[in-house]
Amino acid sequence: MNSRILLSLAHMGGSEQKYVAEAFAGNWVVPLGPAVDEFERRLAARLGHGNIVALSSGTSAIHLALVMLGVGPGDEVICQSFTFAASCNPIRYVGATPVFVDSEPETWNIDPDLLEQAIIDRHRVTGRYPKAIIPVYLYGMPAKIDRIMEIAARYEIPVIEDSAEALGSTFKGQCCGTFGSYGVLSFNGNKIITTSGGGALVCPTPEAARRVLFYATQARENRPYYYHEVIGYNYRLSNVSAAIGCGQMEVLDEHLQRRREIHNLYSRAFAGSRVVTVIENPSPEFDSNFWLTTVLFDESVNPDDVRVALAGQNIETRLLWRPMHMMPVYADAPFYGNGVSERLFGRGLCLPSGSSLTDSDIARVIKAIEDAVATR
Ligand SMILES: *Cc1c(COP(=O)(O)O)cnc(C)c1O
């Protein structure tokens with residue numbers, strides 16, 4: 001039987017266990033410590049941005065960004081509809097209302113023109129502007145972030161970049177996650193690097209980073225006894241997890257290179273296909289990490305048939321994110337649509353892209369797809 005090929009797996013570089021052993025040796029088996037500090041330093045150096053706070057997940061990072069921006073009941077927050085639920089669930093955690101905006105077809109991320117229409121229309125309907133905008137870098141592809149930032153500045157609305165899938169992606173040479181007021185990273189098990197579970201928030205100033213750290217560690221005021229003026233959270237990254245992260249940072253660039261090589265293998269294989277289109281950077285300004293390589297099929301192929309055919313050969317693929325405006329839990333949220341995300345959802349598939357996959361693994365996936373679409 002063919003070995004199992006998964007979408008995206010944790011991929012250790014080798015030094016992780018050494019750092020974890022150091023954490024144990026110092027008895028830093030707590031949600032703070034030298035590995036957390038070192039992991040933050042390494043992230044800051046790699047992103048070219050100083051104010052990074054390591055947290056227990058990407059979801060908690062989005063939540064704290066909303067807390068920092070003072071978002072609460074009665075407020076609206078604009079979020080890209082075509083995403084994973086973790087991008088918008090924290091809007092509900094703070095009691096605010098998500099307003100979903102559709103994507104443009106080049107990057108699959110929030111459509112800047114529709115974003116501006118939504119901002120104007122929300123002001124018309126509610127008399128107020130949304131309190132934040134959450135663009136997402138889906139599958140690692142940078143959004144049209146220059147236009148998004150320009151529109152956000154025009155209406156003075158802060159941007160929280162959901163860069164959970166886009167560690168190492170750049171737009172015009174600048175790292176995703178460093179454009180907005182806040183940037184969100186995730187180190188969940190299937191992301192570019194992993195701490196087994198974890199995240200980080202890129203903050204605008206050292207003061208903001210200190211405040212995020214305060215909120216993430218139960219909002220304990222500086223007194224000899226426990227004393228609280230605001231509601232806090234238990235969101236700090238464990239020192240053991242951060243030790244894994246320190247090791248992962250040493251192989252980040254290798255892993256990024258491998259994801260992009262895998263994308264190239266798929267691109268070359270399907271370059272002549274009229275049925276399968278591999279999604280590419282729309283121009284040299286965009287440099288996706290290709291966390292997952294995605295493809296679109298023409299009308300003759302149902303992506304779920306391909307998924308089932310490949311599953312039969314022990315190959316994991318996944319349908320694209322089902323847009324949030326199509327979720328029962330968000331049925332009552334305002335939505336500004338253009339049909340793009342719904343069309344993509346019905347036509348696309350995510351292919352195995354993990355950095356530990358070999359060229360022969362990818363060749364097996366390519367062959368399986370060719371066979372599946374040939375039988376149409
Ligand atoms: C993974 C992911 C998150 C959440 O990150 P966690 O660390 O799993 O909480 C948020 N947004 C997107 C787009 C993601 O893919």
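Ligands are counted one by one from 1 in listed order, and the atoms in each one are counted from 1 as well.
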> State if S87 counts as touching ligand 1 under the rule of any non-hydrogen atom under 4.0 Å.
yes
> Please work out, at 4.0 Å between heavy atoms, whether the side chain, the backbone, both, or neither of S57 comes within that distance of ligand 1.
both
> List every atom of ligand 1 that sits less than 4.0 Å from any heavy atom of A86, numbering the atoms from 1 in the order shown and giving each element.
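What qualifies from ligand 1 is 3 (C), 4 (C), 10 (C).
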> Suppose we call two aromatic rings close when their centres sit under 6.0 Å apart. Are H63 and Y93 close by that rule?
yes
> Determine whether the aromatic ring centres of residues F297 and F270 are separated by less than 6.0 angstrom.
no
> Quick one: are the ring centres of Y330 and F100 less than 6.0 Å apart?
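Between Y330 and F100, the centre distance is under 6.0 Å.
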> What protein heavy atom sits nearest atom 15 (O) of ligand 1, and how far off is it?
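Going by distance alone, atom 15 (O) of ligand 1 is nearest to E165 OE2, 2.5 Å.
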> For ligand 1, which atoms have a heavy atom of F84 less than 4.0 angstrom away?
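Under 4.0 Å from F84, ligand 1 has these atoms: 2 (C), 3 (C), 14 (C).
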> Find all atoms of ligand 1 within a distance of less than 4.0 Å from any non-hydrogen atom belonging to T83, and give their numbers and elements.
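Within the 4.0 Å cut-off of T83, ligand 1 contributes 13 (C).
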> How does L138 reach ligand 1, if at all, at less than 4.0 Å between non-hydrogen atoms: by side chain, backbone, both, or neither?
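Under 4.0 Å from ligand 1, L138 contributes no heavy atoms.
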> Side chain of W291, backbone of N190: donor and acceptor closer than 3.5 Å?
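Yes, because the side chain of W291 sits within donor-acceptor range (under 3.5 Å) of the backbone of N190.
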> Taking non-hydrogen atoms only, is T59 closer than 4.0 angstrom to ligand 1 via side chain, backbone, both or neither?
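Under 4.0 Å from ligand 1, T59 contributes backbone and side-chain atoms.
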> Do E316 and R307 meet the salt-bridge criterion of a basic N to acidic O distance under 4.0 Å?
no
> Just distances here: any N/O of W291 and N/O of ligand 1 closer than 3.5 Å?
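No, W291 has no N/O under 3.5 Å of an N/O on ligand 1.
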> Among all the protein's non-hydrogen atoms, which is closest to atom 14 (C) of ligand 1, and how far away is it?
K191 NZ, 3.3 Å
> Out of all atoms in ligand 1, which are within 4.0 Å of some heavy atom of V136? Include the element for each.
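With V136 as reference, the close atoms of ligand 1 come out as 13 (C).
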> Is the terminal nitrogen or CZ of R259 (NZ for Lys, CZ for Arg) located under 6.0 angstrom from the six-membered ring centre of F290 and within 45° of that ring's axis?
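Pair R259/F290 does not count as cation-pi.
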> Would you call E76 and R128 a salt bridge, using N to O less than 4.0 angstrom?
no
> So which heavy atom in the protein is nearest atom 12 (C) of ligand 1, and how far is it from that ligand atom?
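Looking at atom 12 (C) of ligand 1, the protein heavy atom closest to it is D162 OD2, 3.5 Å.
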> For atom 8 (O) of ligand 1, what is the closest protein heavy atom, and at what distance to 0.1 Å?
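That would be N188 ND2, 2.8 Å.
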> Is there a donor-acceptor pair closer than 3.5 Å between any side-chain N or O of S60 and the backbone N or O of L55?
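No; zero donor-acceptor contacts below 3.5 Å.
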> Quiz question: by atom type and distance under 3.5 Å, do the side chains of S355 and H11 form a donor-acceptor pair?
yes
> For ligand 1, which atoms sit closer than 4.0 Å to a heavy atom of A164?
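By the 4.0 Å cutoff, the relevant atoms are 2 (C), 3 (C), 10 (C), 11 (N), 12 (C), 14 (C).
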> In Å, rounded to the nearest 0.5 Å, how long is the span from CG of N51 to CD of E40?
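The CD atom of E40 is 10.5 Å from CG of N51, to the nearest 0.5 Å.
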> How close does the nearest protein non-hydrogen atom get to atom 5 (O) of ligand 1, and which residue and atom is it?
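Closest protein heavy atom to atom 5 (O) of ligand 1: S186 OG, 3.3 Å.
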> Quick check on G198 - does any of its heavy atoms sit under 4.0 Å from an atom of ligand 1?
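Contact present.
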